[in-house]
Peer 1: 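Submitted below is the structure of interest, expressed as structure tokens.
Position 1 is the first residue of the sequence; numbering continues from there. Please read these numbers as outputs of a predicted model, since none were measured by experiment.
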Amino acid sequence: MKKKMIFAVAAVLISGVTMGQELLTSKKGVPILPGAGDYAIGVDATPFLDYSGNLFNGNLGNTSPGFSYSPDRPFSIYGKRFIDANSAYRATFRLGVGNNSISNNVADVTDTTGEKFVEDKTTNSGFNVTLGLGKEWRRGKGRLQGVYGGEALVNLNSSKFKNEYGNSLQDIDDSTLTRTLEVKNGFGFGITVRAFVGVEYFIAPKMSIGAEYGYALGFNTRGYGETTTEALEPTGTTSTTVDTGTKATGFGLDTDASGFNIKFNFHF
């Protein structure tokens, strides 16, 4: 019984020593590599690399580096959640909704004095949504980690502009005039499934610089848009809506970057 207990204690001690050897820490004892439950965000490393290089080329007035979206995910937030030290979920998110208008004062055609004005207004609106989810695995025994895995991304987008006129066509009384009321661009949809492989090097505790290649299967489509116009007819003002623009569909299977996409990853 005593021998069994001794062997059990020895096994625990040996296990603890082994785990202690595998745990990479800084001089202050801070873990360098991410672990289970950690989160990470990725940003474009280019501004930082440009600034560092400019420190040695004699340029004056160099702009300070700033956080930028990763070039392979424009205007999208990119992050990870670690399942354990060797695997993580990856997510990409963008929800862009915009609406802006411009107003101009123009002469009121019904006013003979030329002192009154009415308002013409143009409104632009649209949305752009990107959602992505994937999983990565990693291997490595030090600061240099190999990364590989797969993910899928979906993009939806559309836009339009609308004109509102202060003077009606009846008041203008011009049968040769055709005015644009609204233009809707075609609805765009795209989906990408990609495999990736890359590296990360931890330059400080929970801070790494990484790069990856991807091989992707992509499909995208965009429908016809619509243009609505109005014109003055003998019977009054009429509006007409017609399909405009170009309907397009694309499919591809290829590497998805001309070179490594270099980014900083911050873990917390």
Peer 1: Say whether Asp171 and Thr110, considering side chains only, have a donor N or O and an acceptor N or O under 3.5 Å apart.
Peer 2: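 Checked: Asp171/Thr110 side chains show no N/O donor-acceptor pair below 3.5 Å.
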Peer 1: Once you round to the nearest 0.5 Å, how far does NZ of Lys206 lie from CG of Asn265?
Peer 2: 13.0 Å
Peer 1: Applying side-chain hydrogen bond (donor to acceptor under 3.5 Å, both in side chains) to Arg81 and Tyr39, what does each step give before you reach the verdict?
Peer 2: CA-CA 5 Å; Arg81 185 183 186 280; Tyr39 290 88; 3.1 Å; yes
Peer 1: Taking the basic N atoms (NZ, or NE/NH1/NH2) and the acidic carboxylate oxygens, is any pair closer than 4.0 Å for Glu151 and Lys80?
Peer 2: no
Peer 1: So do the side chains of Phe202 and Ile32 get within less than 4.5 Å of each other, counting heavy atoms only?
Peer 2: yes
Peer 1: So do Phe251 and Thr249 actually touch side chain to side chain, heavy atoms under 4.5 Å?
Peer 2: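 In short, these two side chains do not touch, never coming nearer than 4.5 Å.
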Peer 1: Do the charged groups of Lys263 and Glu200 touch, with an N to O distance under 4.0 Å?
Peer 2: no
Peer 1: For Tyr148, does the six-membered ring have the charged nitrogen or CZ of Arg139 within the cation-pi criterion, i.e. under 6.0 angstrom from the centroid and within 45° of the normal?
Peer 2: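 No.
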Peer 1: Can a side-chain donor-acceptor contact be found between Thr180 and Asn163 if the only test is distance below 3.5 angstrom?
Peer 2: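 No.
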Peer 1: Looking at Arg138 and Glu136, is there a salt bridge between them, counting it only when a charged N and a carboxylate O are closer than 4.0 Å?
Peer 2: yes
Peer 1: When you compare the side chain of Gln170 with that of Thr237, does any pair of heavy atoms fall below 4.5 Å?
Peer 2: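 They are in side-chain contact.
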Peer 1: Please list, chain by chain and in numerical order, all residues satisfying ring pair (Phe, Tyr, Trp, His ring centres under 6.0 Å) with Phe82, sequence neighbours excluded.
Peer 2: His267
Peer 1: Ignoring hydrogens and geometry beyond distance, is a side-chain donor-acceptor pair present between Asn155 and Arg94 at under 3.5 Å?
Peer 2: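 Arg94 and Asn155 do not have a side-chain donor-acceptor pair below 3.5 Å.
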Peer 1: Could you check whether the rings of Phe187 and Phe127 sit parallel, tilted or perpendicular, using 30° and 60° as the cut-offs?
Peer 2: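 Rings of Phe187 and Phe127: tilted, as their planes differ by 30° to 60°.
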Peer 1: Within a strict 4.5 Å, meaning less than it, do heavy atoms of the Thr130 and Thr92 side chains meet?
Peer 2: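 Thr130 vs Thr92: side chains touch.
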Peer 1: If you define the side chain from C-beta out and look only at heavy atoms, does anything of Ser239 sit under 4.5 Å from Leu181?
Peer 2: yes
Peer 1: Going from CG on Leu156 to CD1 on Ile191, what distance comes out if it is rounded to the nearest 0.5 angstrom?
Peer 2: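 Separation between the atoms: 10.0 Å.
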Peer 1: If you measure from CG on Asp108 to CG on Asn167, what distance do you get to the nearest 0.5 Å?
Peer 2: 5.5 Å
Peer 1: Are Glu182 and Phe161 side-chain neighbours, meaning at least one heavy-atom pair lies under 4.5 Å?
Peer 2: no
Peer 1: Does a donor on one side chain sit under 3.5 Å from an acceptor on the other, for Thr244 and Glu226?
Peer 2: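 No, no side-chain donor-acceptor contact under 3.5 Å.
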Peer 1: Check whether any side-chain heavy atom of Tyr89 lies under 4.5 Å from a side-chain heavy atom of Ile83, and answer yes or no.
Peer 2: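 Yes, their side chains come closer than 4.5 Å.
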Peer 1: Less than 4.5 Å apart, any side-chain heavy atom of Tyr224 and any of Thr246?
Peer 2: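 In short, these two side chains do not touch, never coming nearer than 4.5 Å.
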Peer 1: Determine, for Tyr165 and Arg179, whether the Lys NZ or Arg CZ falls below 6.0 Å from the six-membered ring centre while staying within 45 degrees of the axis.
Peer 2: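 Because its charged atom sits under 6.0 Å from the ring centre and within 45° of the axis, Arg179 does stack over Tyr165.
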